[in-house]
2 protein chains.
Amino acid sequence: MELSDRKKQILKLVVEDYVDSAEPVGSKVIAQQMGGSVSSATIRNELADLVEQGYLEQPHTSAGRIPSPKGYRLYVNELMEKHRLSLEETREINRGLQMKMQELDRMITQAGQLLSSFEGYPAYVAAAGKGSVRVKRYELLPVDESGCILVLMTNDERVKSQLLHLQLKVPGEKLPVVTSLLNNHFAGISAEEMNRRLMDVSEQLAPAMFLLLSQIVSYTTRVLEEANRKEVRTVGASQLLKLPEFRDADKAHQLMSFLAEEKEALPAPDEQSAMKILIGPENVSEALQDTSVVVASYDIGDNMRGLIGVVGPTRMDYAAVAARLSCFAEGLTRMFGKREHGELPPGEEHEE
Amino acid sequence: MELSDRKKQILKLVVEDYVDSAEPVGSKVIAQQMGGSVSSATIRNELADLVEQGYLEQPHTSAGRIPSPKGYRLYVNELMEKHRLSLEETREINRGLQMKMQELDRMITQAGQLLSSFEGYPAYVAAAGKGSVRVKRYELLPVDESGCILVLMTNDERVKSQLLHLQLKVPGEKLPVVTSLLNNHFAGISAEEMNRRLMDVSEQLAPAMFLLLSQIVSYTTRVLEEANRKEVRTVGASQLLKLPEFRDADKAHQLMSFLAEEKEALPAPDEQSAMKILIGPENVSEALQDTSVVVASYDIGDNMRGLIGVVGPTRMDYAAVAARLSCFAEGLTRMFGKREHGELPPGEEHEE
DNA sequence: CTTTAGCACTCAGGGAAAGAGAGTGCTAAA
DNA sequence: TTTAGCACTCTCTTTCCCTGAGTGCTAAAG
């Protein structure tokens with residue numbers, strides 16, 4: 001059943017008042033905000049209806065009303081006006097993202113920090129490979145008789161390298177042979193496949209050579225594993241303690257442990273959509289039942305997709321959060337897009 | 001003035017009781033624990049003396065006593081018995097550290113997590129270079145006409161690499177020339193020096209060459225910067241909320257923000273010593289006035305030194321924490337020592 | 001001089017009682 | 001359908017009192 005326009009307007013006012021007061025809102029305030037065109041008694045009747053229909057809740061008889069998850073949902077879907085970011089705000093976000101490009105890892109962590117400080121809520125970020133990163137090319141550089149450098153280039157254009165200590169000496173002249181062996185037989189395949197091939201050729205090789213190869217394969221396996229893993233970081237959890245709904249240490253502790261330990265369970269937007277809003281019980285995770293999550297996705301080059309979101313109380317300024325969040329997501333996409341073409345000396349790297 | 005043996009014994013009992021009850025301890029309990037050899041009245045007299053001398057405090061008249069920082073200090077210096085870790089415990093720690101070796105970064109973070117979960121307090125970890133990491137050797141690998149891979153080897157035996165997109169095309173044949181130029185003139189010097197040299201030679205070079213060089217120098221600068229930076233990570237901050245002294249949201253918030261934002265200010269042991277215990281006001285940071293910190297150092301190969309510590313309430317089981325912490329530090333040192341000699345295929349690297 | 005028993009005193013913490021205030025629901029009139 | 005009026009409900013805060021733990025002091029005993 002559709003709500004009357006007036007009911008919707010009232011619901012909207014309740015949500016917005018509650019969002020910034022964190023206190024149940026009464027009929028009088030609403031009447032006032034509607035310009036005195038109706039009396040508080042009328043509002044009371046409407047409020048009672050809204051409660052009955054499940055859009056509002058009453059902490060106890062004779063308290064004001066607060067929005068229920070269903071009420072927030074309606075608000076988000078229909079009532080929420082697009083929040084316009086001020087020019088300054090947009091600029092500030094983009095300036096913030098304009099930090100020195102460093103590794104992707106640090107980069108997105110910083111974006112998360114920035115977001116968290118903007119919103120005053122904990123934030124989370126992740127970058128996820130699309131699954132099948134492979135090695136495109138191998139290179140071996142001699143160092144001395146018992147060591148060499150292995151350089152890997154992956155099909156998503158990243159480079160990793162590693163110093164290998166050899167258990168058995170391999171003369172420098174042999175390296176090109178190994179290199180071409182690797183490039184011919186170990187490029188473009190998955191880690192499992194690599195291990196299988198290694199076994200296949202094991203008997204035809206000199207032991208020293210085999211040892212070297214297994215060292216390389218084992219390192220490569222780790223690199224691929226890592227490139228494919230989705231690692232979620234959470235930032236700014238301590239912000240929770242500023243919110244009235246988390247003054248209770250137990251509640252705060254529960255959520256914070258969740259954010260610290262099970263961050264993999266935090267929601268992500270669906271494949272197609274750019275943003276997702278989950279209100280209270282719409283979350284699957286037990287620990288998020290009383291919180292809302294707003295999360296957006298962004299692109300990292302062509303092969304990866306990132307994720308950036310905030311966690312807060314259901315009482316959340318969805319319009320503003322959503323607006324800022326898409327600004328972040330767009331900023332990040334732009335940023336990572338640019339780097340692909342190397343306008344600036346970007347900064348892609350790696351480290352031990 | 002030296003304390004009598006009995007006073008020391010009493011102080012010791014007060015500390016130990018308070019550590020696990022978190023409640024002021026009274027004369028009666030102490031008398032009991034001393035085996036009934038003296039009456040509670042006697043104890044009261046002694047307690048009064050200890051308060052006067054500043055080793056104990058009284059939250060209010062007619063409450064029991066709690067140790068003051070001075071009292072804890074005496075306890076730590078003289079009274080504390082070496083806590084013997086059970087065999088299981090040692091084994092458990094070492095098993096925990098035996099995780100798959102990955103990058104140093106992730107490795108020490110995991111150690112921190114492990115520590116934090118052992119102690120039930122927040123932990124922090126860092127690895128710090130000894131200051132002057134330099135590039136030992138450069139290598140350039142051709143990719144295509146508008147790109148090449150730069151590989152750096154530093155004097156602490158780490159390898160970093162990066163894909164460079166060239167603004168201007170540089171034919172593959174030229175690369176060896178550039179490489180030797182780099183190795184002859186840009187190796188073994190600081191980042192500032194590198195930039196200076198770059199300026200010096202700028203006029204004698206073709207523009208394309210100059211551009212390439214500056215790209216390399218700028219990347220190298222970043223790498224060196226990062227290799228020399230001490231990055232501190234904190235883990236398990238949410239554990240604070242379980243402690244009675246941090247049930248108050250404001251207090252908890254204050255400390256947690258400090259741990260999240262100013263972790264660089266967390267104490268480190270002095271150059272020579274392996275462990276440091278800082279009790280309450282012995283800390284310089286404002287935010288740590290009511291907490292104690294126990295921190296140990298460990299070695300990462302020959303060039304780096306790591307740091308691992310916990311932050312907790314002044315009421316802390318110093319003996320046990322210190323014992324476990326050195327077990328951690330030793331484990332890490334052993335671990336990183338081993339890798340240097342390449343028993344196992346270690347895993348030193350870098351990414352993206 | 002040290003230890004002990006005895007006792008009055010202090011203070012935090014918990015619960016009950018009382019008052020204030022906000023906001024409701026209902027009724028009856030416009 | 002809206003409004004004014006009013007009694008009622010329920011939370012929150014404050015106050016008060018009581019209890020219990022633990023002290024400090026005094027005076028006597030070792």
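The structure presented is a predicted model; accordingly, all values stated were derived computationally and were not measured. All values below were derived from every heavy atom in this structure, side-chain atoms included, with hydrogens, water molecules and symmetry-related copies excluded. The chains referred to below are lettered A, B, ... by the order of the sequence lines, with proteins before strands, and numbering in each begins at 1.
Look at B/T61 and you'll find a side-chain N or O under 4.0 angstrom from OP1 or OP2 of C/dC11. Between A/R65 and C/dT24 there is a side-chain polar atom (N or O) within less than 4.0 angstrom of OP1 or OP2.
For A/M34 and D/dT3, the CE to C1' distance is 15 Å, given to the nearest whole Å. Going from atom NZ of A/K28 over to atom C1' of D/dT3 covers 15 Å, rounded to whole Å. Across the protein-nucleic acid pair, B/E23 atom CD and C/dG13 atom P stand 10 Å apart, rounded to whole Å. Rounded to an integer number of Å, the gap from CD1 of A/I10 to C1' of C/dG23 is 16 Å. Going from atom CD of A/Q58 over to atom P of D/dT11 covers 11 Å, rounded to whole Å.
In this structure, B/R6 and B/P59 both approach DNA chain C, and ranking their closest nucleotides by distance from the 5' end singles out B/R6.
Salt bridge present: B/E46 and B/R6 bring a charged side-chain N and a carboxylate O closer than 4.0 Å.
Shown here for A/L240 and A/P122, the closest heavy-atom pair between the two residues is CG-CG, 3.6 Å. The minimum heavy-atom distance between B/V232 and B/K263, with the atom names listed, is O-CD, 3.1 Å. Nearest heavy atoms, A/V235 versus A/G112: CG2-C, 4.1 Å. For the pair A/G236 and A/S116, the tightest heavy-atom approach, listed with the atom from each and the gap, is CA-OG, 3.6 Å.
Side chain to side chain, A/K12 and A/Q9 fail the donor-acceptor criterion of an N or O pair below 3.5 Å. There is a side-chain donor-acceptor pair under 3.5 Å between A/S292 and A/Y318. In this model, no donor atom of one side chain and acceptor atom of the other lie less than 3.5 Å apart for A/K251 and A/Q254.
For DNA chain C, the residues of residues 35-48 of chain A within the heavy-atom distance limit of 4.0 Å (strictly under) are A/R44, A/L47, sorted by number.
Rounded to the nearest 0.5 Å, atoms CD1 (A/I30) and CD (A/E16) are 10.0 Å apart.
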According to the Watson-Crick and G-U wobble definition with distances under 3.5 Å, which dot-bracket string, read 5' to 3', encodes DNA chain C, using [ ] for crossing pairs and | for pairs with another strand? ||||||||||||||||||||||||||||||
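Evaluation of atom-type donor-acceptor distances gives a pair under 3.5 Å for the side chain of B/S62 against the base of C/dT10.
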